[in-house]
Structure formats: C-alpha cells, structure tokens
Amino acid sequence: MPTLMTQNTINALKGWPQERPVDYSGVFASSVTSTVPAGSVVHLNSDGEFELGVGTENVMPMFTFFASDSPHVKNDGGDPDTDKNVWVPVQPNGKVLALVAIGAYELVSTQFVAGSYPPNTLLTSAASGGNAGKLSAGTLGTHMICGQVSRGVVNNNYGYDALAFWPVVAYVYP
Amino acid sequence: MTTGNVITREQSQLMSKAAFDHLLSDDQNRVKEATDKLNRFTRVFMREDGFYRRILPIEQVTEFDRLVSSDDPAIIVDREPGSPAAVSVGFATQPDGYYMRADRYPVYFSRIQSPWWAKDVAQLATWVMDLRTVIGDNSARDLLAEEDGRMLSAVNTAIRGADQVVPTSGVVQHKTIRGGITRDSYYDALKVLPSTPSNLESAKVLLNHITIKDVGKFTHNEFGGTMAQDIMVKGLSETTQLGGQELVVTIKKGLVGNNTMYFFGAPEYLGRFFVYDDATMFVKREGPMLSFYLYETIGATIGNTNAVARVNFA
C-alpha cells in the first residue's frame, strides 16, 4: 500500500505555528540516501547539512516537519549523467523545514522506536543503524538528550501511534 | 495603477515612497492600501530585472493538479514523445505496431522569501535615504537572484560537465571552444544547441556584461558593415542581436562567468515556470514597529534538456 499523508506525521500540540518560531531550513547530506519521514530527528553536520539522529555527540537536535521526498523538497527527474529523457527541476531546492529543539513546543511524532514511554522518560535518537532518526529512551550522561515524554504514546489523530514529548537539549557530559 | 501600464524605474520609486508614507499611518486601511500598491511596484520591478523570467516567461496559475501522496501544489505537464521513423518496405508488409505512449513531468512548487525586516518607525523617520524602499528593492533583487541561481544550477545539471556527452541527446551540450570570442567561434557556438535530436535554434543567449565587451571588439570585417563604427561610438545596447538571437545580458558575474554563453530554445520547448503567489510583500505595522518581508510561491522545471546549451570560450 502506498504511504499515506497521515501515516508519518509530526504535529505541534502546543507552541507552533507562531509568528517567529525557532525553525531551520536545510538540506540532507549526500550520505542520507533513504527517504526520511516527517517527524525524524536530525542534526547538522560540520557542513551544515542534516544527518539523522543525535547519538552521543553534543549537537542541536531538530525535528523534520516534512518528509525528504515531499514534492516541495525534491523533484526526482532522473540522473542527467546516466539516464535518458530526464527532467531537471529548477525548484524545489532540497530544503526541508525542521523545528529546533530549543523552541517552546510540545510535539507528537510517529517516528519512534516501539516501547514503553511513561511521562518524563528522557529521549534520544540513534545516529546510525535501522532506528537512526527515531526517538527512543535515552540515558542522561550517555546519550545526547533531545526530548522528554509528555503524554506518552497517543493516536496521531489519523489512527497511527505517535509519541508526545517536549523537546529538551541535554548534552553528554564532557 | 493597473497591470500592463508601463512606468519607469524612477516613477516606480517615487510612487513607492508615496506608498511607504501611508505605511507610517495608524489607519490599517491606509496600511493595506499601501501594501497593495507596493506589491504592484515590486512586480513591475521583478519583470524588468532577473534573467530567468526573460528566458522562460512566468505563467500565473490559480489551480493545481492533485497528488495522492502529498497536498503540496503541483502541475503535471505532458511532454511530446519521440517518433519511430517511417521505413521503406516491400509490398504486402504489415507495419510495426506501437501502443501510443508519452511522458509527463511534474512541476512542484516551493517558496522563495526574503529576510524579515523590522524597524521602529521613529528611527525610520531619521533617515534621509528611504531605508524601507532601499531594503525592499534589495529584497526583490534577492528573490530574483535566487530564481536566477536556481535556474542556472538546473541548466548546468542538465548539460553536465564541459565536453561530456548528455545521455538524452547523445551529443555534447556544454562545449569548450578555443580561440576567444570571434565571429567564427560565435557561429561555432550557435551549432551546439541545434546539434541535439530536437534540432532547436537558439532563441535567447545569456551572457554577462563583461563577455559582451568582446563582441564590441569585432572589426568592420567581422560585422560585415558599419555596425563596428556604431558600437565603437555608441556601445552595445540591450537590443543588440547576434546571429538573430536576442542577447540577455546580466551583471551577475557570479552566476554567469566571463567568456561563457548559455543558449536557450524557445520557451515552449524548454520547460514551464509557474507562479502561484507572485512577489508579495507582507507588511505589518504593530504599534511603533514596522516589519515586512517578500515571498513568492513558484514552480519551475526544465522539461526538455535538449533545449539548453552552454559554451565556454577559452
């Protein structure tokens, strides 16, 4: 079944949209080859490009608001170096909106590792592996902390499980 | 002022200043009226500047095609297919059968916007220079610069690196020609675009204001008439043509390098450039604070990579 618009989502239960939010618009690093769903955790690499998760590095967490293959982000017409009859988009330019973790909002994202998430559980996101970019329980002092559970696992309003949390920035001890 | 009236840049700036004065009003109706006027001035400005819009004219749209996987605005464009050749055959031979097919390509929309500018109106009043107009005009130029940059990035992607064959056409569409810019080398450059299977002649040639000075060096023999004298005395004008092509001259040397020319087929063969929100200024007056930014919602795709070419004159 094709992916539906309501299946991979992030919503701001509180605090967004607002007139002057702390958001960031960026492109994905070339090393990110798979489609990144909306609600994924990302950080900036040294080139200012999005990479998945936060891992154990002291980085600023962000949460993508749209998928990396959204039409306003990407229009794949083929590779002019190798393919015939390609088209080449002038717009879009690959930039996707992400909400920065220091912003004041309560978010709910479908991108989390299945498990138990009572309120106040600290959250991190793996930077590599099959769960890269997904929220999961983290340990203060070991993992870069990017959130704290608020309401727990809820319905994303479209029938899919989603994790409600407040973004938090807590660095790994030096 | 209605769409279609021609005004000069100076008239535009005077009217813009008059509109700006209304922005200082506490009357929200006057602020809205001023905003509407500023948007019209901005769109006149955008039509005059920027080279992308001169090469691929914009088409205003109000409706979109719908996608299943997204509610992002999009327009799907049909693309003319190639045709298998006719063949000579012997009597009683049945023709080969083909099921009719063609391609389509999508034009997806996204947004270009300027920074958000804010100022206390009391401080604005201390400026002799019309700071709001200067920043507003620069923001419009910045929108155009982003359009032009995106367009050339797409063109350079389509035609690949210098002297590399493009798979779609089977020929080189980004060529290096040695010997500088001469009558001979210019006409060699004009051969690049028609060499693709689409056989398109150049409708527009894009070059920067430094490169065109080499055209001014053409001698009487190269021009084949008194044009050399005219150019020596009066200089090149924006209406100068070469080889029947319209020259689009830009000052954006950072985008169009020296000794480089881009050749474009007619717009109907090149692609589509749609506009949903043309350049719009959002203005907010809240107490003593005036703030504004410009934005536009556009979508553009080069649908036929056979309609672009580039020559580097080494």
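The greatest number of non-hydrogen atom pairs below 4.5 Å with chain A, out of B:S169, B:A300, B:S110, is found for B:A300. The most heavy-atom pairs under 4.5 Å with chain A, out of B:G161, B:A154, B:P167, come from B:P167. For the options A:N85, A:D81, A:N93, heavy-atom pairs under 4.5 Å to chain B are most numerous at A:D81. No other option in A:G77, A:P80, A:P89 has as many heavy-atom pairs under 4.5 Å with chain B as A:P80.
Here the straight-line distance linking atom CG of B:D103 with atom CH2 of A:W87 works out to 7.5 Å at 0.5 Å rounding. Atom OG of B:S70 sits about 12.5 Å away from atom CG of A:L4, to the nearest 0.5 Å. The structure places CZ of A:F66 at 6.5 Å from CG of B:D72, a figure rounded to the nearest 0.5 Å.
Heavy-atom distances place no part of B:L56 under 4.5 Å from chain A, backbone and side chain included. Heavy atoms of A:D83 lying under 4.5 Å from chain B belong exclusively to its backbone. Only the backbone of B:F109 comes within contact range of chain A, judged by heavy atoms closer than 4.5 Å. B:S153 does not touch chain A: none of its heavy atoms, backbone or side chain, sits under 4.5 Å away. For chain A, the nearby parts of B:D71 are the backbone and the side chain; heavy atoms of each come within less than 4.5 Å. Residue A:K95: no heavy atom, backbone or side chain, is found under 4.5 Å from chain B. With a threshold of 4.5 angstrom between heavy atoms, B:F273 does not approach chain A through any atom at all. In this structure, the portion of B:R104 lying under 4.5 Å from any heavy atom of chain A is its backbone and not its side chain. Using a 4.5 Å cut-off between heavy atoms, B:V68 contacts chain A through its backbone alone, with no side-chain atom that close. Of the atoms belonging to B:A74, not a single heavy atom falls under 4.5 Å from chain A.
The shortest distance between side-chain heavy atoms of B:L67 and A:P71 falls below 4.5 Å. Side-chain contact between B:I302 and A:V90: present, with at least one pair of heavy atoms (C-beta onward) separated by less than 4.5 Å. Between B:R111 and A:Q91, every side-chain heavy-atom pair lies at or beyond the 4.5 Å cut-off. Side-chain contact between B:T305 and A:V88 is present, with heavy atoms from C-beta onward closer than 4.5 Å.
Judged by the 6.0 Å and 45° rule, A:R20 forms a cation-pi pair with B:W116.
For CD of A:E57, the number of neighbouring non-hydrogen atoms (other residues, nucleotides, ligands) closer than 6.0 Å is 12 at most. Counting non-hydrogen atoms of other residues, nucleotides and ligands closer than 6.0 Å to CD of B:E63 gives a total of 12 or fewer. Residue-environment remark: OH (B:Y293) exceeds the threshold of 12 foreign heavy atoms within 6.0 Å. Heavy atoms from other residues, nucleotides or ligands lying under 6.0 Å from CZ of B:F64 number more than 12. Applying the 6.0 Å contact sphere to NZ of B:K204 captures more than 12 heavy atoms from other residues, nucleotides or ligands. Annotation: B:E80, atom CD; neighbour count of heavy atoms from other residues, nucleotides and ligands within 6.0 Å does not exceed 12. The environment of B:I251 atom CD1 is sparse: at most 12 non-hydrogen atoms of other residues, nucleotides or ligands sit within 6.0 angstrom.
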Worked check of side chain to side chain contact (heavy atoms under 4.5 Å, CB included) between A:K74 and B:Y108: CA-CA 8 Å; A:K74 181 179 177 181; B:Y108 294 145; over 6 Å; no
